[in-house]
Structures are given as structure tokens and as C-alpha cells.
Amino acid sequence: MHSDTQFVPESRLAMSHTIVIFGASGDLTSRKLIPALYKLHYKGRLPEGTQIVGVSRTEFSHEAWRNQLTESTKAFVGPTFDEASWNEFAKNLYYQKGDIGSTEDFCNLDTFLKEIEGGSCSRVYYLSTMPKLYPIAIEQLGKSGMADQSQGSRLVVIEKPFGTDLKTAEELNERVHKVFAEEFVYRIDHYLGKETVQNLLVMRFGNTIFEPLWNRNYIDNVQITVAEEVAVGKRGGYYDTSGVLRDMFQNHLLQLLMITAMESPVHFKAGMVRDEKVKVLQAIRPMTGADFAQDTVRGQYQGYLDEEGVPKESQTATFAALRLWIDNWRWKGVPFYLRSGKSMSCRTTQIVIQYRSPAHTLFEGHQASGGLDGNRLVIQIQPNEGIQMQIQSKVPDAGMKTKMTQLDFRFDQHFSNDMPDAYQRLLLDALQGDASLFARSDEVELAWGIIDPILGAWNSPAAPQLDIYEPGCWGPQQSSKWIETHGNQWFDVCPIIH
Ligand code: BG6
């Protein structure tokens, strides 16, 4: 059992803050982190006086970095960019040249930070460098005394991927824990920062009507789809060493699964939420022997081998579908289908709760078999965030004929607020010392423990065939045939709520 039950010391909230971004010249900084921090400032949410220091090997003056970020933020934030508010925000942006391999550079950085902080200050170190540099950066933070918690708390935020398999994740955790106790380690999964993912918790545990039906007695199967329309683009080199299981399943899809399947925590506190999530992973039935061929489908989009950085003979999967079983009282016998791929029909992330068919057929149009005719709850995570409940209704003036009809809820029709980017919530939570929406060490390791054996089987002679699929469809045809052999059907619908 972990003891990190929401570490939010009073002093942290009152104290001033510094965010140090390692990998400051990278894409994530200009595309996500700075726009998110600026938006928080614009909305008056960024704690007053928060200073942001970018660190990377490139030579920049503070001014040159600010200027570059002005342009990129304008482009990413769009019409809501406000010159006056940006100028005020940009005053607190600093840049310090530094090499992750150099202890001297870390000591200089610490001196610079102390100068601008002028006293006790809590710090967030954000690692957005190449992943192979994470352990080195952490060791340097330790060696230079920058992880010392006596002058204010020191948190480290670590971007994905956290390891490339169970072994490397365990090694990384071990190295991290030599410098930072677990309560100071924030492993980011940006899916947890998405409003609709958090709303799933509210929907399940803030309403009475769903929870009693959220189990094996009423649910036939659950489908979690993260479909991307984009191909790998310029990321071929990285992607080919990763593939869809490492890139999307170990983190985002398993996070969605955990939130869908977990029990209610006693309180919405980091330790308690994460304890419940971890129990879901512990209950997933390990695949063995013939399971790998029966419960997994792997595909590659036509044209992947021509992408820049991809070897011509690559067997990397750009699509995968898995059937997982959660062996506990709530879910025993309910298949959880997870699928994700690049170059699919459209961009949609959805969780489909397929309820059982009515037990007895009274009306025309009911098929009462395999859940195909049962109610369906579609939680659309993105785009057009919302929820659709599908219910049988009587077709007017047609005897007792029934038809599946839809009740839609769309966030933007009920709330005028912008849907914030996931990084806004996550950065603010890190500043406030709330780890509820970050992954804990055991969670990450358990997730690798589920993915590793599949990767292993896919590299063995027992691997299921790598099915090639046409870009712009729902993955390989085999995926549809496969689910049909279980008496089920994919819910192949592009954003259902418009
Ligand atoms: C990233 C993956 O973690 O998530 C990318 O590395 C993927 O390959 C991206 O495109 C999807 O995120 P989102 O928020 O666009 O669904």
C-alpha cells in the first residue's frame, strides 16, 4: 500500500513557484506546455509570481526565447491570444542554457534559480527531454542538491514514455526513487488531463443511475477505441521502435480502461484513486499460450513502410485490438475490447458500454441476442466531447415496432467555457501538489506487465498475422471478423455527437 495520499502541504499553496522545463527547445514546450501555462495565467489560475525557466542545449537569451514563444503561442492559442496578458506572463519566462550531462550546468542553473526566487520557493522540474535522458537528468538534480526538499518542495514531472518495457520501467523507477520519494514523482499521461476522462468519474460516481447497472449483470461488453486519422508523419523513426502497443495501449488505453472499470474510491484523493485503478490492472487476466493469437489482432496501414525513418521490412503494428478480461466480482465474463490505430477512418476516442439485450422479446424489431440490440452508452472523449445514450423507442404509427434512438449530451451546449487542453489541468495540479491524475510507479509497472507478454508473443513464431489495412478504414478486416466470432460487433461510428 502506498502512502502518497494527496500531498498538498499548506506551505506549497502559499509559496511562490518555479517551473523548470528541461527540453525547452522541443516541440512539446512550444506546442503544449507554454500555451497551457499562458492560458492558466490568462484565466487568473496560475499562482501569482510563478516563474518559468526553460533549459536546453541551444543558445538563447531570455529575450530571444520569449520572442520565439510569443510567435508559437500566438499560433497555438489562436484568437484568444491577448497581447497585454501575454506580455505580463512573458516577464516571468527565463532561459538558461544547460547540458543534461553536465553537473556544472545544473549547479549554475540552481544558482540562477535561487537568484530569481530570492528565498524559499517550490519547484516543479518538468522532464520533456529525450526519454533516454530522464535518468541522467534525475541523477543530476540529486547531485546538484536540487532535489533537496528543505527550501520548498521539489517535484519532478516525467513525460511518457516511462520505460519501454517492464524491466526498463522498473530500472527507471529505481533510479528516480534514489533521488525523489514517490510522492514527488508525477508521471504524466495527458489522457488523464482530458475533461471527458475526468467527467467519466463524475458520471459514474456523481450520479445514482449508472453505477447499479455498471457490472456483469447488465453489461455485455465494453469497447474502448482511440482511432487516429493521422499517419505516423515525421515520427517514423521513433514510432517504429514503439508501435501502437507502447505508444497508445500501455498508457492511454489502459488509463481509460482503469477509469471505466475501477471501484469508487472512498475520497477523491491521489492515493485512494490510484489504489482503485491499480486493482483493475491487478485483476486483468494474464494472457498465455493460445490467448495471444485468440485475443489480439495486429495490423499495419498500407504505406507505412514508405514512411520516413521506417525500415522496409518493418513488422511494427500501427493498429491493435485486444480482448481483455477483468477477473473480479464486477466484471467477470465481460470482454473489454481495446483498439487503436493510425490512419483510421477518423479521429475519435470513445468508450462504448454495450448493455445486454432485453431478456425477453415482446416487440417487433428486437433481436434479443448477443447484446446487439441492447442499450448503448457512448462516451465520446474527443472530439465534440459528450455522451450518447441509445434507447429503444416506439416507431410512431407502426404497430409496436421499435427503433434505437439517441439521447445526446454535448458539453459545449451546456457549458460556455472552452474545453481546456489536458496540459492546463495537469500543470496546475502539479503546481498544487495534487497527484490524483498522474500515474504511480506500481500502476506504470503493472501496465507494462500486461503489454510486455503481448509484445513478446508478437515477436515469436506464435504471433498472429500482421494484417495490412487500407488507410481510412477501421483497421484490418480481420479485426471485424475477429470480434464477430465472439458474437459481438465493433461500434464503427465516427464522432457520434456532432
Ligand atoms: C501520444 C502518442 O501519446 O498521443 C501519439 O505518442 C498520439 O502517437 C497522441 O498521436 C494522441 O493524443 P491525442 O490527445 O491527440 O488523442
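We count ligands from 1, going down the list as the structure has it; atoms in each ligand are counted the same way. Scope of the values below: all heavy atoms of this structure, side chains included, with no hydrogens, waters or symmetry mates.
- For ligand 1, the 4.0 Å heavy-atom shell takes in Lys160, His190, Tyr191, Lys194, Glu228, Arg235, Asp247, Met248, His252, Lys342, Arg347, Gln382, ordered by chain and residue number.
- Ion pairing between Lys32 and Asp27 fails under the 4.0 Å rule for side-chain N and carboxylate O.
- By the 6.0 Å and 45° rule, Arg66 stacks over the aromatic ring of Tyr94.
- Sequence neighbours left out, the pairs with a member in residues 417-451 that pass ring-ring contact (aromatic ring centres under 6.0 Å, His included) are Tyr186-Phe438.
- Applying the 6.0 Å contact sphere to CD of Gln406 captures more than 12 heavy atoms from other residues, nucleotides or ligands.
- Between Tyr239 and Tyr304, the angle of the ring planes goes over 60°, which puts this pair in the perpendicular group of the 30/60° scheme.
- Salt bridge status for Glu263 with Lys279: absent, with no side-chain N to carboxylate O gap under 4.0 Å.
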